[in-house]
Participant: 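Quick one: this structure, given as structure tokens, is what I'll be asking you about.
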Amino acid sequence: MTHVVTEACIRCKYTDCVSMCPVDAFRAGPNFVVIDPQECIDCTLCVSECPVDAIVPEDQLSADQREYLALNAVLAKAWPRIVEAHSPLPDADDWAKVADKRAWLDTAGAPEPLCAACR
């Protein structure tokens, strides 16, 4: 099983979780981070570090967040590894309060078209 970064992270990109990962499973894109499911060891250390509760175990994904399992896998192959925490995006605190942010996910660098489950 893996943990999954979900919609709550979009346009926030808090990275407190990254420095907790013992296997460096995080990848960073323009306005989102993902967990590489091939590297995640399900340690749960990152979960409590996320200030917007964006990280959940795959078996606890809600139906409307299931696409993020595939998104994390696809984007993890395209984006660079991130191993240290960085400052969040400048307006992260404002975006942390926004729901339904999927349309604002910047998938730059990912293969096009994204997988069917990711659209």
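All figures in this text were calculated on a predicted structure; none of them were measured in a lab.
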Participant: How far apart are the C-alpha atoms of L75 and Y68, what are their side-chain angles, what is the distance that settles it, and do they pass the side chain to side chain contact (heavy atoms under 4.5 Å, CB included) test?
Facilitator: CA-CA 10 Å; L75 296 173; Y68 287 90; over 6 Å; no
Participant: To the nearest 0.5 Å, how far apart are OG in S48 and CG in D16?
Facilitator: 10.0 Å
Participant: Not counting sequence neighbours, which residues clear side-chain contact (heavy atoms from CB on, under 4.5 Å) with L89? List them please.
Facilitator: K13, N31, D91
Participant: Which pair of heavy atoms, one from W104 and one from D100, lies closest together, and at what distance?
Facilitator: CZ3-O, 3.6 Å
Participant: Start with the C-alpha distance between I35 and T2, add both sets of side-chain angles, then the distance that settles side chain to side chain contact (heavy atoms under 4.5 Å, CB included), and finish with yes or no.
Facilitator: CA-CA 8 Å; I35 296 173; T2 187; 4.1 Å; yes
Participant: How far does OG1 of T107 sit from CZ of F32, to the nearest 0.5 angstrom?
Facilitator: 11.0 Å
Participant: How close do V5 and V33 get, heavy atom to heavy atom, and via which atoms?
Facilitator: CG1-O, 3.1 Å
Participant: Would you call E58 and R66 a salt bridge, using N to O less than 4.0 angstrom?
Facilitator: no
Participant: Can you list the residues that meet the side-chain contact (heavy atoms from CB on, under 4.5 Å) rule with V52, with sequence neighbours excluded?
Facilitator: A8, Y14, C50, A54, A96
Participant: Just jot down the salt bridge (Lys or Arg N to Asp or Glu O under 4.0 Å) partners of E49, sequence neighbours excluded, or say none.
Facilitator: none
Participant: Are V74 and L71 in one and the same hydrophobic cluster, where Ile, Leu, Val, Met, Phe, Trp and Tyr link if side-chain heavy atoms are under 4.5 Å apart?
Facilitator: yes
Participant: When rounded to the nearest 0.5 angstrom, what is the spacing between OG1 in T6 and CD in Q60?
Facilitator: 11.5 Å
Participant: If a pair satisfies side-chain hydrogen bond (donor to acceptor under 3.5 Å, both in side chains) and one of its residues is in residues 69-86, list it, with sequence neighbours excluded.
Facilitator: E39-R81
Participant: Suppose we screen for side chain to side chain donor-acceptor pair (under 3.5 Å). Which residues come up paired with D42, at least two apart in sequence or across chains?
Facilitator: H3
Participant: State which residues pass side chain to side chain donor-acceptor pair (under 3.5 Å) with S62; sequence neighbours excluded, sorted by chain then number.
Facilitator: D64
Participant: List in chain and number order the residues that pass side chain to side chain donor-acceptor pair (under 3.5 Å) with Q65, two or more places apart in sequence or in another chain; answer none if no residue qualifies.
Facilitator: E7
Participant: Taking only residues two or more places apart in sequence or in another chain, which ones pass side-chain contact (heavy atoms from CB on, under 4.5 Å) with A108?
Facilitator: P30, D106
Participant: Please evaluate residues C17 and I55 with respect to the criterion side chain to side chain contact (heavy atoms under 4.5 Å, CB included), reporting the C-alpha separation (whole Å), side-chain torsions for both, the decisive distance (0.1 Å), and the verdict.
Facilitator: CA-CA 9 Å; C17 53; I55 304 171; 3.7 Å; yes
Participant: Cluster question for you: counting only ILVMFWY and a side-chain heavy-atom cut-off of under 4.5 Å, with indirect links fine, are I82 and V47 together?
Facilitator: yes
Participant: Between W95 and I10, what is the shortest heavy-atom contact and its length?
Facilitator: CB-O, 4.4 Å
Participant: Only counting residues at least two apart or in another chain, list the ones meeting side-chain contact (heavy atoms from CB on, under 4.5 Å) with P22.
Facilitator: I41, C43, L45
Participant: Begin with the C-alpha distance, continue with both residues' side-chain angles, and end with the deciding distance and a verdict on side chain to side chain contact (heavy atoms under 4.5 Å, CB included) for K101 and C12.
Facilitator: CA-CA 10 Å; K101 300 189 283 185; C12 292; 3.6 Å; yes
Participant: Other than M1, which residues form its hydrophobic cluster under the rule that side-chain heavy atoms must be closer than 4.5 Å?
Facilitator: none
